[in-house]
Visitor: 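Below are the structure tokens for one structure; questions will follow.
Chain letters run A, B, ... following the sequence lines, proteins first, then strands; residues in each count from 1.
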Amino acid sequence: MNTEKKVRVRFAPSPTGGLHLGGVRTVLFNYLFAKHYGGDFILRIEDTDQTRFVAGAEEYIFECLKWCGIEPDESALHSGPYAPYRQSERKPIYKGYADKLVEAGHAYYAFDTPAELEEMRSRFKTDENPSPQYNHLLREKMRNSLTLGNEETQRLLAEGTAHVIRIKMPVDEEIKFTDMIRGEVSFQSSQTDDKVLLKADGMPTYHLAVVVDDYLMKITHAFRGEEWLPSAPVHVLLWKYLFGLENMPQWAHLPLILKPDGNGKLNKRDGERLGFPVFAMNWTDPRTNEFTQGFREKGFLPGAFVNMLALLGWNDGTGQEIFTLNELVEKFSMERVHKGGAKFDYEKAKWFNHEWIKNSGAEDLADKVVAAFADKGISVTKDKKLEKVVALVKERCTLLPDFVQQAGFFFQAPVEPDISAIKPKWDEKKQLFFAELIRTLELSTLWEHEDLEKSFKELAATQQLKPGDLMLPLRIMLVGGKFGPGVFDIAAIIGKEETIHRIKYVLGLL
RNA sequence: GGAGCGUUGGUCAAGGGGUUAAGACACCUCCCUUUCACGGAGGAAUCACGGGUUCGAUUCCCGUACGCUCUACCA
């Protein structure tokens, strides 16, 4: 690794929609790596495809990072010494580099229209070669500065004929580089096509832009998904031609996050189909109104989300699974990232959140619980009572909205208590017991859970009833169902008046 | 079709020449708990296959199979 230079990494999303798991994990690994080495994390918006502009997508990305607790050191919002950080605003920069490549003979002008390209593909398509490439063989048959000659090329250029600039891939050259995760990777230049570098609209393609910007922004380590591996030789060549291989960042191609069932990259349809979020936060596509669920709104804690993502393809080798962001920064290393893709397991994701909820203090959880109630139209205030309740039920909550179910009865009497759970075994003796219990409670001045349990059991003993047969009815009266913390804890918190009220109410239904 | 990358229990995975092949999730059984959870104890792998190298291969090498990714003037 290049230790003399300050580590600088970048996440370079294309703002075309919501950020999914894989994207967030790429951000995370970038961030963890940079911070581990005390380096900078840059967010660069790759919006060179003007036809794919989606309103709100960029803001969404920033909000996701914020929610995850990941703050870029430089970005379109934070600015910095290498601004602008939006490629569309850097448009004038790229052409010069493309021209330079043409002059050096490493790239050429191509005048083929989209229709001509399509025609070429269908003409050369065979069973053996289902997708013909614009490569060192086919470029001889196309309309470009290689086949047209200098005079004709100049004439077309002067006339303003639409054209692109393509890289001229060497005919037979081995291109290799060392990937931080995979080790040495090599390619034959003849296997890669002459990728377009500069589009007809003057915008660079990803291939040119990524190399130019990584150079200009002094990026030292470049991490991206494994799907980029096949085009890596183009980038390596561009580095060689433009800025020197010795200045090229270290690459790491991250393993993919796969569908839980079957195979293939996880996508938002899988989430919809299998019932779990795939995006970090809710996202509605402004063009289609298509809605995709997010982890945040589903009730995940950002720490849990980040923790879960980090462990998808990485581990510290000790068996530890719960990490805070700071711990991850401290422990992370690219060498311990897995090579193979990982199937996403929503059950495990929920386990992480459950662990995080259990480990969180009631005070820290309170605001989020208030919000979860508010989402269901129930207003609760953040006070000592709420904190007690949260502490009592948090181990039963996997997702934030679970608090509404698990703690709702502390604030609202059960609307439809599950009478059927006790009715079959209900009898006169029990009826009498509870009537007497009400009288006892009304007289009681002590209201701690121990006091309540004691008087309850004493009363049961005097009536020669087993406390066990009476606990469930009491629970149904106070909670409404067969769940929740200890009944006397509940009675202690909801108070005398409410406890008596609920007992009376259910007694009336039996 | 081609190229590249990958392959340890259902899933995430540790380990990387000699191990009883960790741990976690999920699942099942039991314990704890007069509810539900939490917690605890158990339960599953001839390390894709075939050849090498080696005294010995899950671990190294070569094949094969399978899977994935890419194969756009998208990223």
Visitor: Do we get A:Arg25 above A:Phe29's six-membered ring, with its NZ or CZ under 6.0 Å from the centre and within 45° of the axis?
Guide: yes
Visitor: How close or far is atom P of B:rA72 from atom CG of A:Asp112, stated in whole angstroms?
Guide: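 So the CG-P distance, A:Asp112 to B:rA72, works out to 14 Å.
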Visitor: Rounded to whole angstroms, how far apart are CG on A:Asp194 and P on B:rU71?
Guide: 15 Å
Visitor: Which nucleotide in the list B:rG1, B:rA75, B:rA14 gets nearest to the side chain of A:Arg336?
Guide: B:rA14
Visitor: CZ of A:Phe187 versus C1' of B:rU71: gap in Å, rounded?
Guide: 13 Å
Visitor: Report yes if a side-chain nitrogen or oxygen of A:Arg52 is closer than 4.0 Å to either non-bridging phosphate oxygen (OP1 or OP2) of B:rA72; otherwise report no.
Guide: no
Visitor: How far, in whole Å, is B:rU33 from B:rA14 if one measures between their P atoms?
Guide: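 Result for the P pair: 39 Å, nearest Å.
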Visitor: Write down the distance separating the C1' atoms in B:rG10 and B:rG43, rounded off to the nearest Å.
Guide: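 Going atom to atom, C1' in each nucleotide, I get 15 Å.
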Visitor: Could you tell me whether A:Lys348 and A:Asp345 have a side-chain N and a carboxylate O separated by less than 4.0 Å?
Guide: no
Visitor: Using the C1' atom in both, what is the distance from B:rG16 to B:rG4, to the nearest Å?
Guide: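 My reading of the C1' atoms in B:rG16 and B:rG4 gives 24 Å.
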Visitor: Do A:Phe276 and A:Phe344 have ring centres separated by under 6.0 Å?
Guide: yes
Visitor: If I pick the P atom on B:rA48 and the same atom on B:rA21, what distance separates them, to the nearest angstrom?
Guide: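 Those two atoms are separated by 15 Å.
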Visitor: Apply side-chain hydrogen bond (donor to acceptor under 3.5 Å, both in side chains) to A:Glu226 and list each qualifying residue two or more places apart in sequence or on a separate chain.
Guide: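 side-chain hydrogen bond (donor to acceptor under 3.5 Å, both in side chains) list for A:Glu226, sorted by chain: empty.
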Visitor: Can you name the salt bridge (charged side-chain N to carboxylate O under 4.0 Å, His left out) partners of A:Glu118, sequence neighbours left out?
Guide: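 Applying salt bridge (charged side-chain N to carboxylate O under 4.0 Å, His left out) to A:Glu118 gives none.
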Visitor: Is a side-chain N or O of A:Thr205 found less than 3.5 angstrom from the main chain of A:Val196, in a donor-acceptor match?
Guide: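 Checking the backbone N and O of A:Val196 against the side chain of A:Thr205, a donor-acceptor pair under 3.5 Å is found.
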Visitor: Set out, in order, the CA-CA distance, both residues' side-chain angles and the distance that settles side chain to side chain contact (heavy atoms under 4.5 Å, CB included) for A:Trp356 and A:Asn307, then state yes or no.
Guide: CA-CA 9 Å; A:Trp356 271 75; A:Asn307 188 169; 2.9 Å; yes
Visitor: Before accepting this row, confirm whether a basic side-chain N of the pair A:Arg10/A:Asp214 lies closer than 4.0 Å to the acidic partner's carboxylate O.
Guide: yes
Visitor: Sorted by first residue and then second, give each ring-ring contact (aromatic ring centres under 6.0 Å, His included) pair with at least one member in residues 453-489 of chain A; sequence neighbours left out.
Guide: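 Sorted pair list: A:Phe409-A:Phe483, A:Phe433-A:Phe456, A:Phe456-A:Phe488.
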Visitor: With a 6.0 Å cut-off on ring centres, are A:Phe305 and A:Phe295 close enough?
Guide: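 Distance test on ring centres: under 6.0 Å, yes.
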Visitor: Would you measure the distance from the C1' atom in B:rC12 across to the matching atom in B:rA3 and give it in whole Å?
Guide: 30 Å
Visitor: Which part of the nucleic acid, if any, lies within reach of A:Ser186 when heavy atoms closer than 4.0 Å are counted: base, sugar-phosphate only, or nothing?
Guide: sugar-phosphate
Visitor: For A:His338 and B:rU7, what is the distance between atoms NE2 and P respectively, to the nearest whole Å?
Guide: 8 Å
Visitor: For B:rC60 versus B:rC47, give the span between their P atoms, rounded off to a whole number of Å.
Guide: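 Between the two P atoms, the distance is 15 Å.
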Visitor: Can you check whether A:Asp47's main-chain N or O pairs, donor with acceptor, with A:Ser88's side chain at less than 3.5 Å?
Guide: no
Visitor: With RNA chain B as reference, determine whether A:Leu229 or A:Leu256 sits nearer its 5' end, using the nearest nucleotide of each.
Guide: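 Residue closer to the 5' terminus by nearest nucleotide: A:Leu229.
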Visitor: Under the rule for salt bridge (charged side-chain N to carboxylate O under 4.0 Å, His left out), what residues qualify as partners of A:Glu159, not counting sequence neighbours?
Guide: A:Arg155
Visitor: Pairing of RNA chain B as dot-bracket, 5' to 3': ( ) intra-strand, [ ] crossing, | other strand, . unpaired, with Watson-Crick or G-U pairs under 3.5 Å?
Guide: (((((((..(((.....[....))).(((((.......)))))....(((((..]....))))))))))))....
Visitor: So which one's nearest nucleotide on RNA chain B is more toward 5', A:Trp314 or A:Tyr134?
Guide: A:Trp314
Visitor: For the pair made of CD in A:Glu226 and P in B:rC68, what is the distance, rounded to whole Å?
Guide: 12 Å
Visitor: Not counting sequence neighbours, which residues clear side-chain hydrogen bond (donor to acceptor under 3.5 Å, both in side chains) with A:Arg273? List them please.
Guide: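 A:Arg273 satisfies side-chain hydrogen bond (donor to acceptor under 3.5 Å, both in side chains) with A:Asp261, A:Asp270 once adjacent residues are dropped.
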Visitor: Short of 4.0 Å, heavy atom to strand atom, which residues of residues 350-359 of chain A count as contacting RNA chain B?
Guide: A:Trp351, A:His354, A:Lys358
Visitor: Minimum heavy-atom separation for A:Ala76 and A:Arg86, please, with both atom names.
Guide: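 Closest heavy-atom pair between A:Ala76 and A:Arg86: CB-NH2, 3.4 Å.
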Visitor: Please output the side-chain donor-acceptor pairs of residues 389-402 of chain A that fall under 3.5 Å, not counting sequence neighbours, one pair per line with the distance.
Guide:
residue	atom	partner	partner atom	Å
A:Lys394	NZ	A:Lys358	O	3.1
A:Lys394	NZ	A:Ser360	O	2.6
A:Arg396	NH1	A:Gly484	O	3.2
A:Asp402	OD2	A:Thr398	N	2.9
A:Asp402	OD2	A:Leu399	N	2.8

Visitor: Return the orientation label for the A:Trp251 and A:Phe177 ring planes: parallel under 30°, perpendicular over 60°, tilted otherwise.
Guide: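 Correct class here is perpendicular.
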Visitor: Flag the pair A:Glu450 and A:Lys454 as a salt bridge only when some basic side-chain nitrogen lies within less than 4.0 angstrom of an acidic carboxylate oxygen.
Guide: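 A salt bridge is absent here (no side-chain N lies under 4.0 Å from a carboxylate O).
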Visitor: Sticking with atom C1', work out how far B:rG23 lies from B:rA13, rounded to a whole angstrom.
Guide: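 About 8 Å, rounded to a whole number of Å.
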Visitor: Choose from B:rU71, B:rA37, B:rC12 the nucleotide whose nearest atom is closest to any side-chain atom of A:Glu395.
Guide: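 Among B:rU71, B:rA37, B:rC12, the one nearest the side chain of A:Glu395 is B:rA37.
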Visitor: In chain order, what residues pass the side-chain hydrogen bond (donor to acceptor under 3.5 Å, both in side chains) check against A:Arg166, with sequence neighbours excluded?
Guide: none
Visitor: Dump the pairs, protein N or O against N or O of nucleotides 30-34 of chain B, anything under 3.5 Å, distances to one decimal.
Guide:
residue	atom	partner	partner atom	Å
B:rU34	N3	A:Gly468	N	2.9

Visitor: Can you pull out the residues from residues 340-347 of chain A that lie within a 4.0 Å heavy-atom distance of RNA chain B?
Guide: A:Gly340, A:Ala342, A:Lys343, A:Asp345, A:Glu347
Visitor: With a 4.0 Å cut-off on N to O distance, would you call A:Arg90 and A:Asp213 a salt bridge?
Guide: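 The answer is yes: the pair qualifies as a salt bridge.
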Visitor: Are any of A:Ser231's side-chain N or O atoms less than 4.0 Å away from OP1 or OP2 of B:rU71?
Guide: no
Visitor: Would you mind classifying the nucleic acid contact of A:Thr16 as base, sugar-phosphate or nothing, using non-hydrogen atoms under 4.0 angstrom?
Guide: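 No contact.
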Visitor: With rounding to whole Å, what would you report as the distance between B:rG6 and B:rG51 at their P atoms?
Guide: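 About 24 Å, rounded to a whole number of Å.
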Visitor: At a heavy-atom distance below 4.0 Å, what parts of residues 474-488 of chain A sit against RNA chain B?
Guide: A:Arg475, A:Lys482, A:Phe483, A:Gly484, A:Pro485, A:Gly486
Visitor: Check if the side chain of A:Lys195 and the base of B:rA72 share a donor-acceptor pair of N or O atoms closer than 3.5 Å.
Guide: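 For A:Lys195, whose side chain was compared with the base of B:rA72, there is no donor-acceptor pair (under 3.5 Å).
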Visitor: Does A:Arg224 reach a base, just sugar-phosphate, or nothing at all? Heavy atoms under 4.0 Å.
Guide: nothing
Visitor: Nearest to the A:Trp228 side chain among B:rA3, B:rG23, B:rA75, which nucleotide is it?
Guide: B:rA75
Visitor: Less than 4.0 angstrom between a side-chain N/O of A:Lys394 and OP1 or OP2 of B:rA37, yes or no?
Guide: no
Visitor: Looking at B:rC74, B:rC36, B:rC70, which one has an atom nearest to any side-chain atom of A:Lys199?
Guide: B:rC74
Visitor: Can you tell me if the side-chain N/O atoms of A:His207 get under 4.0 Å from OP1 or OP2 in B:rC73?
Guide: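 No, outside the criterion.
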Visitor: When you measure from the side-chain N and O atoms of A:Asn315 to the phosphate of B:rA14, is any distance below 4.0 Å, counting only OP1 and OP2?
Guide: yes
